[in-house]
Amino acid sequence: MDVHNDVGLTAYLVNESRARREDLAGDPLAREWISDEDRGAVRDLWDEFGGHVYPHDDLVVSLRGRIILDTLAEALAKRSDMVLVVCGAGFSSYPWLLPFAAAMEVDLPELVAAKRRRAAELRAAGVLDQREVEHIAADLNGPEARRRLLDQIRQFAAGRPIAYVAEGLVFYLPPEHARAVVGLGAAAGPQTLTVVSYWPLAAADHSVLAAQRRWFRKRSIPEDASYLTTSDLSAVVGAPVENHSTEDLQRRYLGEVVVPETELIPEHVAVAGS
Ligand SMILES: C[S@@+](CC[C@H](N)C(=O)[O-])C[C@H]1O[C@@H](n2cnc3c(N)ncnc32)[C@H](O)[C@@H]1O
């Protein structure tokens, strides 16, 4: 994997963001996903991103990760037979942080290969326990790939409730595909909890997103983005949405708004379903 270009690069960046705030993120495994050999390059990349786009990605990404982790833990406490499905999983750690009955991670082929490889190394080193996590390679922009994935999720869940996560993903997909990916978990079963991070339509002109577009252009990451509203999300999932802004999350986890959303990537987390 080239850590310097294309959309897979964003998985390295946000992993570094969680590794920098592992207490806030609640993810002690974040630092393990990148080998010592690659970590220096990832840190340099993060610093460059921080200088050109904004210096608070550690805050935004750790807050979103923490609310997702807490939401999943709460759901699992109510339904111990719940299975986890994470789309655009990157180097996130939920399957190893929580005792789900079964877990599936989906990402682009190159990223899946890198995650599988590193997971095997970490299992061998005793850092990860022996639990089985299914890694599925799929381009979520393809309707046929999504149909196949939907069948795989249904089989995998086998009637059990599903916790479905799409974190840091849907804004990179064209609008029709973004909506379809938001709705995938709910389409797979009636007892699905959907947790999705997204950029609100009202923030489409945000100055930090404009700076990020300029930086992405240099890195061959597509700049076009999808923005959504809570009504869009609710219509796709078929349930009311609970919304968490970056300021709500700072109040919840830090007791106050340390950095206003005008200075942050305006990434909100929506939670819907049972
Ligand atoms: C910003 S990263 C987020 C990774 C992870 N969810 C996290 O929060 O650490 C975006 C992820 O989405 C994946 N991704 C982007 N486009 C995708 C597509 N069309 N199909 C599947 N995965 C995709 C990337 O490979 C990357 O792992």
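All ligand and atom numbering here is 1-based and tracks the order in the structure. Predicted model only: the values in this text are computed from it and were never measured. For reference, positions follow the sequence shown, starting with 1. Below, all heavy atoms of this structure are taken into account, side chains as well, without hydrogens, waters or symmetry copies.
- Phe91 places a side-chain heavy atom less than 4.5 Å from the side chain of Lys115.
- Distances from ligand 1 to the non-hydrogen atoms of Arg18 include at least one value under 4.0 Å.
- Of all the atoms in ligand 1, the ones that sit under 4.0 Å from a non-hydrogen atom of Ala138 are 20 (N), 21 (C).
- Taking the six-membered ring for Trp and thresholds of 30 and 60 degrees, His268 and Tyr198 have ring planes more than 60 degrees apart, a perpendicular arrangement.
- Nearest-heavy-atom check against atom 6 (N) of ligand 1 across Ser92, Gly90, Gly168, Gly88 picks out Gly88.
- The pair Arg66-Asp70 meets the salt-bridge criterion, with a side-chain N (NZ, NE, NH1 or NH2) lying under 4.0 Å from an Asp/Glu carboxylate O.
- Using a 4.0 Å cut-off between heavy atoms, Val106 makes no contact with ligand 1 at all.
- Checked by atom type, the side-chain pair Arg160/Gln191 shows no donor-acceptor distance below 3.5 Å.
- Residue-to-ligand polar distances place Glu167 within reach of ligand 1: an N/O pair is separated by less than 3.5 Å.
- Closest to atom 8 (O) of ligand 1, if we only count protein heavy atoms, is Arg64 NH2, 2.7 Å.
- Atom 13 (C) of ligand 1 has Asp107 OD1, 3.3 Å as its closest protein atom, hydrogens excluded (heavy atom only).
- If you look at Val14 next to ligand 1, the close heavy atoms, those under 4.0 Å, all belong to the side chain.
- Within ligand 1, the atoms closer than 4.0 Å to a non-hydrogen atom of Asp139 are 18 (C), 19 (N), 20 (N), numbered from 1 in the order shown.
- Counting heavy atoms from C-beta on, the side chains of Arg39 and Glu16 come closer than 4.5 Å.
- Under 4.0 Å from ligand 1, heavy atoms of Leu140 appear from its side chain as well as its backbone.
- Distance from atom 2 (S) of ligand 1 to its nearest protein heavy atom, with residue and atom name: Thr10 OG1, 3.3 Å.
- Inter-residue side-chain proximity for Tyr164 and Leu193 is flagged as unmet; no heavy-atom pair is nearer than 4.5 Å.
- Under 4.0 Å from ligand 1, not a single heavy atom of His177 appears.
- Counting heavy atoms closer than 4.0 Å to ligand 1, residue Leu169 contributes side-chain atoms (C-beta onward) but none from N, CA, C or O.
- Looking at Glu167 and Arg64, a side-chain N of the basic residue comes within less than 4.0 Å of a carboxylate O on the acidic one, giving a salt bridge.
- Counting only non-hydrogen atoms, the option in Ala89, Ser17, Pro222 that gets closest to atom 5 (C) of ligand 1 is Ala89.
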